[in-house]
Amino acid sequence: MLKRTHMCGELRIDHDGQTVTLAGWVNTYRDQGKGLIFIDLRDREGLMQVVFDLEDVGEHVVTEARSLRREDVIAITGLVRKRVGDPNPRLATGEVEVMATKLEVLNKTETPPILPDEHDAQKIAEEKRLQYRYIDLRRPRMQHILRRRFEVTRITRQFFADHGFIEIETPCLIKTTPEGARDFIVPSRAYPGQWYALPQSPQIFKQILMASGFDRYLQIVRCFRDEDPRADRQAEFSQIDLEMSFVDRDDIITLMSEFTRHLWMKMLDIDIGDIPVMSHQEAMDRFGIDRPDTRFDLELTDVSDLAAKTEFRVFQDALAKDKGVVKAIRVPGGAAKMSRKITDGYSEFVKTFGAGGVPTVKYTENGYETGVAKFVAPIADELKQRLGLEVGDLVFFGADTNTVVCRALGELRNKLARDLELIDPTAWNFLWVVDFPMFEYDAEQGRWVALHHPFTGPMPGEEDKLDDDPGGCISAAYDLVCNGSEIAGGSIRIHQPPMQQKVFRLLGINDEEAEQKFGFLLRALRYGAPPMGGIAFGLDRLVMLLVGTNNIRDVIAFPKTQTGQDLMTEAPGPVDPQQLEELHVRIELPNDTPAPAGAG
RNA sequence: GGGGCGGUAGCUCAAUUGGAUAGAGUCCCGGACUGUCGAUCCGGUGGUUGCGGGUUCGAGUCCCGUCCGCCCCGCCA
């Protein structure tokens, strides 16, 4: 085999006159006739034009070169020279070419079902790209993304190593825990009827490592949650997981801000500066969402008191509800931009988030027009003043319980910003959101559920509320938000057994159950656990932001589809009956399960 | 579990109101061409219209079911 001396993408005019050997894939071929063939040879570093010319080399080489097709794997030896024809400014290597003297076909390809061609990449169905992932990953864009991902993890490990963190692996086969997402489970062969679970996160293990005295822990770790994926969510994903001992909330926020700033500087050469902090309450009030995108305005304004003065049934009904509110979004200049058809579309949009619709009114030189104009007449001036209305504005209202209004208008706000192109694509707006409530009451289950997780502690001074006002208790949790996307979340943990017990009880976990499910953690806390706190960054989302994609599958080498399949390996798949027998597992299919396979 | 969009040649798409032999580009195959660069030009192969059923003289098109992909709701401590 010809031994490679250089990479395709690295050759420049400086290499003029050198004899080199390259290896890679035939990106394109241009056959100019019996005696002249151009090959663009591709490796991970780029493209290099290789010339086979009957005037330079023997006929057998040229003949074999003529048979080359896209994606054949070859090695060539030849002379680097300034291009005889015009240089190609679109290639980094465009000033030179390699005049081939030897050709070795390392692997003749069958006709590829798809080509790793950036021209076609947008058009090829993602289904095909996932099915033939090994070909799609040859695309420069995909190679770039995965290399950027590697840079992120390398910078991360270096940064935290420099700050005294130790990377420690935690197990993948663990005990199932209540709370949280659905577990993936693994049957035990040695213990019939017993099961492992795959970790939703290494949460408890990292706390135990703090109890073990490691002081600062880091792990770039795979997590598993058996829930339906989304564009930015996979059942199997990666976290940059961190935990520190003897720290308070601000210690963590300070260090993690420094890390984030460092990462953006290293990756993008951009200084994001200091990261502002906002309370959960303020985020909900102003933006209707706990991960506000602060790159644009369109903030929510409470107009409940004004709405109460109207005769509008929708407002009145909403205000009659427990925690009923009416809020408004002012869209500057929206009157001219939005037809009835468009605002009806937004009405449908908010309905998916539980709102009944989105009442609308335009403010023009003639006063309020269209929509709910006649209902707001009694509050015309007050509303104008409250919202700071100017001629040409449009107002959207949300009227329902506070939860529903926040959700609907919060999502509408984001959608409006996208539709109206109010978002500066170069902006990086980071934000810490703090002071989350400890619990949220789940009416369906009739109990409190942890907003963060059951090991999150209350903020200092909030402890007493656990007894008399759990819903009002503020936790020591924090989320890091970037451009409206949650990229990290964490908390100061409970490190004393009585507090942990109290929280478990509030969550409806009695002492017996706590001992059975979390006994090892409670014992670890009893035997001397330091104050501690930590955070986890969503690695996939970090990379998505840094490379500018909104498809999580782009940043994962071998992702799964929205139904959890791997289209390349065709996982999940059946197992041998003997395997089931060894595991003491019997399958009982639901009645309506169709016979597998055969589908297009 | 629910809603929306999609599935036609290896790939990307078209096909009138339900009407003739399902077309085009590209890939691939053959031919021409010595400076191309998403090469060009000429010719050719290539189809279970995702799958199953139904309506009809006739179905890519209409109906029912189902599978797959994407987006969303639910879910995701």
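Order of the sequence lines fixes the chain letters, A, B, ..., with proteins taken first and strands second; residue numbering starts at 1 for each chain.
Taking the charged nitrogens against the carboxylate oxygens, A/E227 and A/R182 do have a contact shorter than 4.0 Å, which makes a salt bridge. Remark: A/D344 does not engage A/K341 in a salt bridge, criterion side-chain N to carboxylate O under 4.0 Å. Salt bridge status for A/R69 with A/E110: absent, with no side-chain N to carboxylate O gap under 4.0 Å. A salt bridge links A/E179 with A/R447; the closest basic N to acidic carboxylate O contact falls under 4.0 Å. A salt bridge does not link A/D136 with A/K128: none of the charged nitrogens is closer than 4.0 Å to a carboxylate oxygen. Under 4.0 Å is where a charged nitrogen must lie from a carboxylate oxygen, and between A/R81 and A/E97 at least one such pair does.
Using atom C1' as the reference point in both B/G10 and B/G52, the two lie 26 Å apart (nearest Å). Rounded to whole Å, the separation between the P atoms of B/U40 and B/G2 comes to 49 Å. For B/G7 and B/U61, the P atoms lie 12 Å apart once the distance is rounded to whole Å. B/U55 and B/G60: their P atoms are spaced 16 Å apart (whole Å). Taking atom C1' in both B/A15 and B/G54, the straight-line distance is 24 Å, to the nearest Å. Between B/G3 and B/U66, the two P atoms lie 11 Å apart (nearest whole Å). Between the C1' atoms of B/G44 and B/C63, the separation comes to 41 Å (whole Å). B/G1 and B/C62 have their P atoms separated by 27 Å, with the value rounded to a whole Å.
In the set B/U36, B/C71, B/G74, the nucleotide with an atom closest to the side chain of A/R230 is B/G74. Of all nucleotides listed (B/C37, B/C76, B/U12), B/C37 comes nearest to the side chain of A/R83. Minimum atom distance to the side chain of A/D228 is reached by B/G74, of the listed B/G69, B/G38, B/G74. Taking the side chain of A/R69 as heavy atoms from C-beta on, and the options B/G35, B/C33, B/G30, the nearest nucleotide is B/G30. The side chain of A/D86 approaches B/U36 more closely than any other nucleotide in the set B/G35, B/C27, B/U36. The side chain of A/L36 lies closest to B/U34 when the candidates are B/C70, B/C76, B/U34. Distance from the side chain of A/A231 is smallest for B/C72 among the nucleotides B/G69, B/A39, B/C72. The side chain of A/L115 sits closest to B/C27 out of B/C27, B/C11, B/C33. For A/E126, taking side-chain heavy atoms from C-beta onward, the closest of the listed nucleotides B/C70, B/G74, B/C72 is B/C70. Relative to the side chain of A/R553, the nucleotides B/G30, B/C70, B/U34 differ in distance, and B/C70 lies closest.
Partner assigned to B/G69 is B/C5, using Watson-Crick or G-U wobble distances below 3.5 angstrom. Summarising the base pairing, B/C29 is matched to B/G43 through a Watson-Crick or G-U wobble pair whose two defining distances lie under 3.5 Å.
Residues A/H453 and A/S67 each lie close to RNA chain B; by heavy-atom proximity, the contact nearer the 5' end of the strand is made by A/S67. A residue-by-residue look at A/G35 and A/K123 shows that A/K123 has its nearest nucleotide of RNA chain B further toward the 5' end.
If you take CG of A/L130 and C1' of B/C11, they are 15 Å apart, rounded to a whole angstrom. Rounded to an integer number of Å, the gap from A/D479 CG to B/C76 C1' is 14 Å. The interatomic distance linking A/K128 (NZ) with B/U12 (P) rounds to 6 Å, in whole Å. Nucleotide B/G6 holds its C1' atom 13 Å from the CD atom of A/Q562, rounded to whole Å. In this structure, the CD atom of A/Q32 is 6 Å from the C1' atom of B/G35, given to the nearest Å. In this structure, CG of A/D183 is placed 14 Å from C1' of B/C75, rounded to the nearest angstrom. Between A/F224 atom CZ and B/C76 atom P there is a gap of 19 Å when expressed in whole angstrom units. Across the protein-nucleic acid pair, A/E127 atom CD and B/G50 atom P stand 12 Å apart, rounded to whole Å.
Using a 4.0 Å heavy-atom criterion, one finds that A/I37 contacts no nucleic acid atom at all. No contact: A/F455 has no heavy atom under 4.0 Å from any strand. At the heavy-atom level, A/D117 lies nowhere under 4.0 Å from the strands shown. Contacts of A/P113 with the nucleic acid, taken as non-hydrogen atoms under 4.0 Å apart, involve only primed sugar atoms and P, OP1 or OP2. Counting any heavy atom pair closer than 4.0 Å across all strands shown, A/E97 reaches a base atom. Using a 4.0 Å heavy-atom criterion, one finds that A/A125 contacts the sugar-phosphate atoms exclusively.
Proximity of A/T28 to the phosphate of B/A39: a side-chain N or O atom is located under 4.0 Å from OP1 or OP2. The shortest distance between the side-chain N/O atoms of A/T563 and the OP1/OP2 oxygens of B/G69 is below 4.0 Å. Close to B/U40, at under 4.0 Å from its OP1 or OP2, lies no side-chain N or O of A/Y29. Residue A/R407 has a polar side-chain atom (N or O) positioned under 4.0 Å from OP1 or OP2 of B/G74. Put simply, A/R30 has a side-chain N or O that comes within less than 4.0 Å of OP1 or OP2 on B/A39. Applying the 4.0 Å criterion to OP1 and OP2 of B/G38, one finds that A/R90 has a side-chain N or O inside that range.
Within 3.5 Å, a donor on the side chain of A/R81 pairs with an acceptor on the base of B/G35, or the reverse. Side-chain to base pairing of A/R233 with B/C76: one donor and one acceptor N or O lie within less than 3.5 Å of each other.
Among the candidates A/K517, A/R505, A/K502, the single residue satisfying the salt bridge (Lys or Arg N to Asp or Glu O under 4.0 Å) test with A/D511 is A/R505. If you run salt bridge (Lys or Arg N to Asp or Glu O under 4.0 Å) between A/D117 and each of A/R70, A/R139, A/R141, only A/R70 comes through.
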| query | Could you walk me through whether A/D419 and A/Y346 pass the side-chain hydrogen bond (donor to acceptor under 3.5 Å, both in side chains) check? | reply | CA-CA 11 Å; A/D419 292 353; A/Y346 289 129; 2.7 Å; yes
